[in-house]
Protein chains: 2
Amino acid sequence: MGTQTIKATCVNCNVRQLCLPVGLSSLELEEIDSLITARRRIKHNAALFQKGERFSSLYAIRNGFFKTCVTSADGLGRVTGFPMAGEMLGFDGIVNDRHICDAVALEDAEVCVLPLDLLEKLSLKVNPLHRHIHIIMSREIVREHDVMLMLGGMRSEERLAAFLLNLVDRLHARGYSRSELILRMTRKEIGSYLGLKLETVSRTFSRFMVERIVEVKHRHIQILDADALRQIVDQSSSL
Amino acid sequence: MGTQTIKATCVNCNVRQLCLPVGLSSLELEEIDSLITARRRIKHNAALFQKGERFSSLYAIRNGFFKTCVTSADGLGRVTGFPMAGEMLGFDGIVNDRHICDAVALEDAEVCVLPLDLLEKLSLKVNPLHRHIHIIMSREIVREHDVMLMLGGMRSEERLAAFLLNLVDRLHARGYSRSELILRMTRKEIGSYLGLKLETVSRTFSRFMVERIVEVKHRHIQILDADALRQIVDQSSSL
DNA sequence: CGCCGCATTGACGTTCGTCAAGTCTAGTGG
DNA sequence: CCACTAGACTTGACGAACGTCAATGCGGCG
C-alpha cells in the first residue's frame, strides 16, 4: 500500500487554482505546504467540526462536498451552505473561539487543516497571503449577503433557479459539465437551505420539468434551458 | 470656531471599547490613530459609499446610524443591515475591489476611514491587530449567518421580536436603555431587512401592543416584556 | 423479497402579500 | 399661527403562495 503515502501537496492538488494558493509563486506555495500540518479524511455523513467545538483551524476542501448547518435546540437543523472542493470552511469560529455550526460531509471528503495562528504567522513572511485571507473572508461575507437577498425577497421558483445556477457554475469552474449535475443532498436539505419545505422544492422541480427547463431524475439534474433559469432569477420580486 | 478642530482620536472616542482598538495598549492605540488618515461626516440620507464604487478603505462608525442596502435594478432596494457606532463597514468590497452595496446614513454621522493597505501594513507591526481584523470579519460572517437563519425559518412575529432584541442589546452595549429605543428607520426599511412588507411590520407591531409586549408610538418603542420577546424568538419554526 | 428513507402528489389551511382607504405627523409656506 | 401637503403609518378585505397533513410511489440495501 505504498501508493497511499504519496504526499498530498498544494502542487499536486487539482483545485489549487481555486483554493488558498491562487496567485502565489511556487516558492510561496511551498511555504503554504509547510504550514499544512495535517489532512483529514471525512467519511460520508461524518462531521468535520461541530457547533460548540473549540476553534483552532480553518479548512480547505481538497475534494468532496459538505453542508454547513446548525442543529437547533428543537432537534431539526438548518443548512446554511454547501461548500465544495477548493472552498474554505471554519471562519465562523474565529470570533468566539468556537464554531457556531456543524460541517458535515455529503460524500467522502478530504480537507487540509490550516491552523489559524500558523496562517497568521506565515502571512507576516508571505505578503500576498495577508490580503488573500481577507479576500476569502470577504467572499464569504458576499456569499451570505447573496443568500440573505434570496431568502428575503425571492419566491420558490426564483430560489430554486438561483440555487441550481449557483451549483452548476461552481461545478463548471471545477471542470464539470455546465448543464448536468448530481445533487449530493436531499430535497429536505435543499429546502432547508432555501427556506422552503421539501414538498415545495419537489413541486418546484416538477414545475420546471413541465416547462422543460430542467430534466429531473431523482438526484440527477439536467439543465435544458439555462437562460430560462437566469430569467427567472432576474425577475426576483421587489420588496 | 477653534473648538471644531479638536483632533478626534481613538483615545477620546466614546466607542473605543467596541471598535477596532479593543484590547490594544495605549501605544498600539496611537499607532492606529496614526493610520486613520481621515474622518468623514455623512449627512442624514447621504451615502458613505455606493454599490459599484471602487473599494479602498474600511470604515469605523464613530457616531451615527447607517443602513446597508442594495438598490436593485428594478428600482426598489433591500436593506441588509443597520450598523451603528462602534461597528465597522465595507468588508463586502474587498473581494472584487468594488462595493456590492450602499451604506446610507440614517442620521448625521461620522466615520473613521481606514485604508485597507495601511491597515495590513500596520498589522505587520502591531501583532494583535492581525487577529483583530479576522475577528471582526468573522463577526460579520456570524451576523449574516444569523440573519440567514431568521429569513429562512422565522415568521413575522419571530422576526420582529428578534430584530427588536438585537437592536436594544446593541444600544444597551452603548450605554442606552435596555427597554426603550427610537427607531431611526422606516417601517418599509425594517420590512425590507426582515423580508416582510411594511404592512406586515405594522400589523405585527400592533399585535405586540395588544399583547402588551411593547408600547409603540410611531418610532418610539418601549419594551414592556423582554422575556415574552425572547420566548417568541426561541419558538422559531423548525424547517 | 421486503423494508425504509426519500420523493412525489393532492387537498386543505395559514400566513403573508396586495390593493385600497384612511389617519397621523412633521414640515412648509401663506 | 394655522392651513396645507407629502410622506409615513395603520387598518381592513381579499387573494396568492407556501406550509401542513396524508397517501402513495420509488429505489437501494440488507
Side-chain angles (χ1 to χ4, degrees), chain A residues 44-45 67 74-79 106-107 150-164 182-211 214-221 232 235-239, chain B residues 44-45 67 74-79 106-107 150-164 182-211 214-221 232 235-239:
Chain A
H44 185 190
N45 283 330
K67 67 171 175 181
D74 56 12
L76 280 168
R78 291 247 0 244
V79 177
L106 294 180
E107 60 184 353
M150 176 195 75
L151 290 174
M154 291 186 177
R155 285 167 320 149
S156 61
E157 292 199 354
E158 299 161 351
R159 295 186 197 196
L160 192 60
F163 173 72
L164 289 176
I182 308 271
L183 298 174
R184 296 265 112 95
M185 69 295 277
T186 67
R187 298 288 190 269
K188 187 170 183 174
E189 286 165 334
I190 296 173
S192 178
Y193 178 63
L194 298 178
L196 300 169
K197 295 294 173 180
L198 68 97
E199 294 94 330
T200 305
V201 174
S202 185
R203 274 185 250 273
T204 309
F205 268 132
S206 302
R207 237 178 297 152
F208 283 171
M209 280 198 69
V210 171
E211 297 166 32
V214 299
E215 186 71 35
V216 184
K217 282 216 189 81
H218 313 114
R219 298 207 181 172
H220 185 110
I221 307 285
I232 289 172
Q235 70 195 207
S236 59
S237 57
S238 32
L239 253 186
Chain B
H44 185 190
N45 282 331
K67 66 171 173 181
D74 57 11
L76 280 168
R78 292 248 357 245
V79 176
L106 293 180
E107 60 185 353
M150 176 195 75
L151 291 174
M154 291 186 175
R155 286 167 320 151
S156 60
E157 291 199 354
E158 299 161 350
R159 296 186 197 195
L160 193 61
F163 172 73
L164 289 176
I182 308 270
L183 299 173
R184 295 267 112 95
M185 69 295 279
T186 66
R187 299 288 191 268
K188 188 171 182 172
E189 287 165 333
I190 297 173
S192 178
Y193 178 64
L194 297 179
L196 300 169
K197 296 292 174 182
L198 69 97
E199 294 94 329
T200 305
V201 174
S202 184
R203 273 185 250 273
T204 309
F205 268 132
S206 301
R207 236 177 298 151
F208 282 171
M209 280 198 69
V210 171
E211 297 166 32
V214 299
E215 186 74 33
V216 184
K217 283 215 187 84
H218 314 114
R219 298 205 180 173
H220 186 111
I221 307 286
I232 290 172
Q235 69 194 208
S236 59
S237 56
S238 32
L239 256 186

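Chain identifiers are assigned alphabetically (A, B, ...) following the order of the sequence lines, protein sequences preceding nucleic acid strands; residue numbering begins at 1 within each chain.
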*Asks:* Between B/T200 and B/L196, is there a donor-acceptor pair closer than 3.5 Å when you use the side chain of the first and the backbone of the second?
*Replies:*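 Checked: no pair found.
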*Asks:* Which atom pair, heavy atoms only, marks the closest approach of B/F205 to B/R187?
*Replies:*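 Looks like CD1-NE, 3.7 Å.
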*Asks:* Rounded to the nearest 0.5 Å, what's the gap from CE on A/M185 to CZ on A/F163? Could you check?
*Replies:*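 Interatomic distance, A/M185 CE to A/F163 CZ, rounded to 0.5 Å: 4.0 Å.
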*Asks:* Assuming nearest nucleotide by heavy-atom distance, tell me which of B/R203 and A/M185 is located more 5' along DNA chain C.
*Replies:*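 Closer to the 5' end of DNA chain C: A/M185.
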*Asks:* Any idea which of D/dT10, D/dC18, C/dT8 is nearest the A/L198 side chain?
*Replies:*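 Among D/dT10, D/dC18, C/dT8, the one nearest the side chain of A/L198 is C/dT8.
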*Asks:* Strictly below 4.0 Å: does B/R187 bring a side-chain N or O up to OP1 or OP2 of D/dT10?
*Replies:*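 Yes, within the criterion.
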*Asks:* To the nearest angstrom, how far is A/I232 atom CD1 from D/dA17 atom P?
*Replies:*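 For the pair A/I232 CD1 and D/dA17 P, the rounded distance is 14 Å.
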*Asks:* Does the side chain of B/K197 get closer than 4.0 angstrom to OP1 or OP2 of C/dT18 through an N or O atom?
*Replies:*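 So the side-chain polar atoms of B/K197 do come within 4.0 Å of the phosphate oxygens OP1 or OP2 of C/dT18, strictly under.
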*Asks:* For C/dG17, does OP1 or OP2 lie under 4.0 Å from any side-chain N or O of B/T200?
*Replies:*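 Looking at the OP1 and OP2 atoms of C/dG17, one of them is under 4.0 Å from a side-chain N or O of B/T200.
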*Asks:* Heavy atoms only: give me the nearest B/E107-B/H44 pair and the separation to one decimal.
*Replies:*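 Smallest interatomic distance, heavy atoms only, reads N-CD2, 3.8 Å.
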*Asks:* Can you check the B/L196 CG to D/dA17 P distance for me, whole Å?
*Replies:*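 In whole Å, D/dA17 P and B/L196 CG are 18 Å from each other.
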*Asks:* Atom NE2 of A/H220 to atom C1' of C/dC6: distance rounded to whole Å?
*Replies:*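 Distance check: A/H220 NE2 to C/dC6 C1' gives 18 Å.
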*Asks:* Using a 4.0 Å heavy-atom cut-off, does A/R219 contact any base of the nucleic acid, only the sugar-phosphate backbone, or nothing at all?
*Replies:*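 Sugar-phosphate, backbone atoms only, no base.
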*Asks:* If you compare every side-chain N and O of B/S206 against the phosphate oxygens of D/dT10 (OP1, OP2), does one of them come in below 4.0 Å?
*Replies:*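 No, B/S206 has no side-chain N/O under 4.0 Å of OP1/OP2 on D/dT10.
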*Asks:* Of the nucleotides D/dG19, D/dC21, D/dC9, which has the atom closest to the B/S202 side chain?
*Replies:*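 So the nucleotide nearest the side chain must be D/dC9.
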*Asks:* Would you please confirm or rule out a distance under 4.0 Å between OP1 or OP2 of C/dC16 and any side-chain N or O of B/S156?
*Replies:*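 True: B/S156 side-chain N/O within range (under 4.0 Å) of C/dC16 OP1/OP2.
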*Asks:* NZ of A/K188 versus P of C/dT8: gap in Å, rounded?
*Replies:*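 Nearest whole value for this atom pair: 15 Å.
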*Asks:* If I take atom CZ in residue A/R207 and atom P in nucleotide C/dT9, what distance separates them, rounded to the nearest angstrom?
*Replies:*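 Distance, rounded to whole Å: 12 Å.
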*Asks:* 5'-most contact on DNA chain D: A/E157 or A/H218, nearest heavy atom basis?
*Replies:*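 Of the two residues, A/E157 wins.
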*Asks:* So does A/L194 get a backbone contact from the side chain of A/R159, meaning a donor-acceptor N/O pair under 3.5 Å?
*Replies:*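 Checking the backbone N and O of A/L194 against the side chain of A/R159, a donor-acceptor pair under 3.5 Å is found.
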*Asks:* Once you round it to whole Å, what is the distance between P of C/dT15 and CZ of A/R155?
*Replies:*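 Atom CZ in A/R155 sits about 21 Å away from atom P in C/dT15.
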*Asks:* Using atom CZ of A/F208 as one end and atom P of C/dT8 as the other, report the distance to the nearest whole Å.
*Replies:*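 It is 13 Å, rounded to the nearest whole Å.
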*Asks:* Measure the distance from CD on B/E199 to C1' on D/dA13 and round it to the nearest whole Å.
*Replies:*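 Rounded to whole Å, this separation is 13 Å.
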